[in-house]
Amino acid sequence: MKKTKTIAVYPGSFDPITNGHIDIIKRASQIFDEVIVALLINKNKTPLLTNIERKRLIDLSVKGMKNVKTDKFSGLLVDYMKKVGAKTAIRGLRAVSDLEYEFQIAHTNRKLYKDMETVFLMPSSNYTYLSSSIVRQVYSMGGEMECMLPNHVSKLLKKAR
Ligand code: PNS
């Protein structure tokens, strides 16, 4: 019998993509046949980086990862998942403090698309503290971000200062 390809979508704002996100992408790529890192284009939010910049940084971050693709979407995640034929969404879970927000998203998605599952992956303990919003805060105050970001991301942020 032919095995169905497992496709997982890793959605997010990625403003910017951090080493923590990349850690999750690598873990997911070892579990699923294909991982799509999907950038949410949210017209109601003003991100630090433009849609084009965020997408480009994601592209550079996954270069060389054979079963990882990148894409962007707007609107509901469940609609995007149906479009690409994925039933699994990946989310990173760093600490208990993430749970409430993540459960809200996962339960809402399940209500909207009953066949879908959210799989939570735990990043390396090195990244437990790390989030895009922490990076944006450190950036806005002129701090060093090298240990949090891939080179191409910290380079772009430094240039934009
Ligand atoms: O990186 P983020 O901002 O924590 O990611 C949040 C994201 C993109 C997963 C979530 O906001 C999302 O899926 N938004 C798309 C709109 C949607 O489907 N909303 C219903 C579930 S909350």
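Order of appearance sets the numbers: ligands from 1, and atoms from 1 within every ligand. The first residue in the sequence is number 1, and the count goes up from there. As the structure is a prediction and not an experimental result, all values here were calculated from the model.
Under the 30°/60° scheme for interplanar angles, the aromatic rings of H21 and F14 are found to stand perpendicular.
Remark: distances from the non-hydrogen atoms of G75 to ligand 1 include one below 4.0 Å. Note on ligand 1: Y101 sits in its first shell, one or more heavy atoms being nearer than 4.0 Å. At least one heavy atom of R91 sits closer than 4.0 Å to an atom of ligand 1.
Contact annotation for N42 and ligand 1: no heavy atom of the residue comes within less than 4.0 Å of the ligand.
Of the charged side-chain nitrogens involved, at least one lies within less than 4.0 Å of a carboxylate oxygen, so that K55 and D59 count as a salt-bridged pair.
If you check which protein heavy atom lies closest to atom 1 (O) of ligand 1, you get S13 N, 2.9 Å. Protein heavy atom at the shortest distance from atom 18 (O) of ligand 1 is L77 N, 2.8 Å. In terms of protein heavy-atom proximity, atom 10 (C) of ligand 1 is closest to I105 CD1, 4.3 Å. From the protein, the heavy atom lying nearest to atom 8 (C) of ligand 1 is L40 CD2, 3.7 Å. Here the heavy atom of the protein found nearest to atom 19 (N) of ligand 1 is L76 CD2, 3.8 Å. Here the heavy atom of the protein found nearest to atom 21 (C) of ligand 1 is N109 OD1, 3.4 Å.
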Original post:
Stepwise, does the salt bridge (Lys or Arg N to Asp or Glu O under 4.0 Å) test hold for K3 with D33?
Top reply: CA-CA 11 Å; K3 185 180 165 270; D33 295 326; 3.3 Å; yes
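Counting non-hydrogen atoms of neighbouring residues, nucleotides and ligands closer than 6.0 angstrom, the CZ atom of R91 exceeds 12 such neighbours. Shown here is K82, whose NZ atom has more than 12 heavy atoms of other residues, nucleotides or ligands within 6.0 Å. The neighbour count for R136 CZ, taken as heavy atoms of other residues, nucleotides or ligands under 6.0 Å away, is above 12. Counting non-hydrogen atoms of neighbouring residues, nucleotides and ligands closer than 6.0 angstrom, the CG atom of D115 exceeds 12 such neighbours.
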